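Here is the structure we will look at, set down as structure tokens.
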Amino acid sequence: MRVHNVHRRRLTASPAEVGALLDGLASDTDGLWPTDHWPAMRLDRPLGVGAAGGHGPVRYTVVEYTPGERVRFRFSAPRGFDGFHELTVVPEPDGGAVLGHLLRMRARGPALLTWPLLFRPFHDALLEDGLDRAERTLTGTVRTPARWGWYVRLLRRAALRTSRTRHPLPGADPARP
């Protein structure tokens with residue numbers, strides 16, 4: 001199964017400001033990754049080509065990095081995730097920027113079921129929460145905050161009950177709207 005998944009947010013901040021958020025991924029000053037409700041992105045060294053890590057059960061390695069503009073990660077887990085995800089900063093003519101996330105992969109084996117039933121709903125919610133965090137970090141507010149659907153809330157409740165010791169999902173309220 002081919003997967004092409006895109007999330008974008010137009011931000012009123014300058015491309016340099018948005019790029020600084022990108023460059024802070026997995027650092028102590030990360031203003032992009034939504035660690036308040038999702039497993040943190042962790043890398044074995046500062047963001048750069050060759051850095052390896054992941055979040056929760058998802059593992060990847062940085063294969064391309066242009067500071068302030070783009071970072072691409074190649075998946076190494078879970079099994080059946082053959083592809084990449086990347087974050088990009090695209091300047092807008094008016095001085096703002098679009099922060100984008102692209103996931104392209106071929107789902108195989110177990111991922112034929114786990115991607116559509118588990119990972120995609122979590123992925124989409126995490127990405128929208130991350131775009132909210134970026135907007136809040138840069139502007140102090142979020143025009144239209146993301147809301148988790150009923151299926152994501154149900155999956156989070158189940159994940160919290162069954163995996164507290166393996167991959168706990170942070171956040172005090174698993175049923176947050």
Side-chain angles (χ1 to χ4, degrees), residues 1-11 13-92 96-111 114-116 118-138 146 159 163 166-171:
M1 164 190 349
R2 291 184 191 271
V3 176
H4 179 90
N5 182 284
V6 177
H7 292 262
R8 290 189 186 109
R9 180 81 50 96
R10 189 192 180 298
L11 300 166
S14 73
E17 291 170 308
V18 179
L21 280 184
L22 177 80
D23 295 340
L25 270 174
S27 73
D28 291 340
T29 60
D30 190 337
L32 174 57
W33 199 262
T35 55
D36 51 339
H37 293 289
W38 300 99
M41 176 187 279
R42 301 204 189 284
L43 297 173
D44 64 354
R45 60 186 131 184
L47 185 63
V49 173
H55 59 280
V58 181
R59 295 286 172 257
Y60 36 75
T61 300
V62 177
V63 293
E64 295 177 35
Y65 178 50
T66 305
E69 295 178 15
R70 179 165 145 314
V71 61
R72 178 176 284 189
F73 303 88
R74 171 110 9 233
F75 291 115
S76 55
R79 218 173 96 222
F81 277 41
D82 297 330
F84 68 88
H85 72 108
E86 69 180 15
L87 288 151
T88 56
V89 177
V90 179
E92 291 279 283
V98 173
L99 178 58
H101 181 273
L102 168 65
L103 182 148
R104 273 202 175 147
M105 70 176 185
R106 180 178 298 267
R108 300 179 197 209
T114 61
W115 167 255
L118 298 172
F119 287 100
R120 181 176 182 161
F122 278 155
H123 169 271
D124 290 348
L126 182 152
L127 259 294
E128 290 302 317
D129 285 352
L131 294 173
D132 281 0
R133 182 156 188 213
E135 188 174 353
R136 187 175 302 104
T137 298
L138 294 168
S163 66
R166 290 182 298 151
H167 301 291
L169 294 172

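Treat the numbers as computed from the prediction; the structure is a model and nothing was measured.
For Ser76, the side chain to side chain contact (heavy atoms under 4.5 Å, CB included) test picks out Arg59, with sequence neighbours left out. For Glu69, there are no side chain to side chain donor-acceptor pair (under 3.5 Å) partners, not counting sequence neighbours. Contacts of Thr66 classified as side chain to side chain donor-acceptor pair (under 3.5 Å), with partners at least two apart in sequence or in another chain: none. By the ring pair (Phe, Tyr, Trp, His ring centres under 6.0 Å) test, His55 pairs with Trp33, Tyr60, sequence neighbours left out. With sequence neighbours left out, the salt bridge (charged side-chain N to carboxylate O under 4.0 Å, His left out) criterion links Asp124 to Arg120. Looking at residues two or more places apart in sequence or on another chain, you find a side chain to side chain contact (heavy atoms under 4.5 Å, CB included) between Arg133 and Thr35, Thr137.
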Working for side chain to side chain contact (heavy atoms under 4.5 Å, CB included), residues Leu103 and Phe75: CA-CA 10 Å; Leu103 182 148; Phe75 291 115; 3.7 Å; yes

Assess whether side chain to side chain contact (heavy atoms under 4.5 Å, CB included) is satisfied between Phe81 and Val3, documenting all intermediate values. CA-CA 10 Å; Phe81 277 41; Val3 176; over 6 Å; no

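Residue pairs that meet the salt bridge (Lys or Arg N to Asp or Glu O under 4.0 Å) test with at least one member in residues 74-83, sequence neighbours left out, are Asp82-Arg108. Sorted by first then second residue, the salt bridge (Lys or Arg N to Asp or Glu O under 4.0 Å) pairs that include residues 17-29, not counting sequence neighbours, number zero.
Side-chain atoms of Asn5 and Leu127, non-hydrogen and from C-beta on, never get closer than 4.5 Å to each other.
The shortest heavy-atom contact between Ala134 and Leu99 is CB-CD2, 3.8 Å. Nearest heavy atoms, Asp129 versus Ala146: OD1-CB, 4.1 Å. Taking both residues in full, the closest heavy atoms of Pro116 and Ala111 are given as CD-O, 3.7 Å, listed atom of the first, atom of the second, then distance.
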Considering only distance and modelled atom types, tabulate donor-acceptor pairs under 3.5 Å from the side chains of residues 83-92, sequence neighbours left out.
from	atom 1	to	atom 2	distance (Å)
His85	ND1	His101	NE2	3.0
Glu86	OE1	Arg70	NE	3.4
Glu86	OE1	Arg72	NE	2.8
Glu86	OE1	Arg72	NH2	3.0

May I have the list of side-chain donor-acceptor pairs in residues 41-53 shorter than 3.5 Å, sequence neighbours left out?
from	atom 1	to	atom 2	distance (Å)
Asp44	OD1	Ala52	N	2.9
Arg45	NH2	Gly50	O	2.6

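Atom NE2 in His7 sits 10.5 Å away from atom CZ in Arg9 (nearest 0.5 Å). The distance from the CG atom of Leu32 to the CG atom of Leu131 is 7.5 Å, given to the nearest 0.5 Å.
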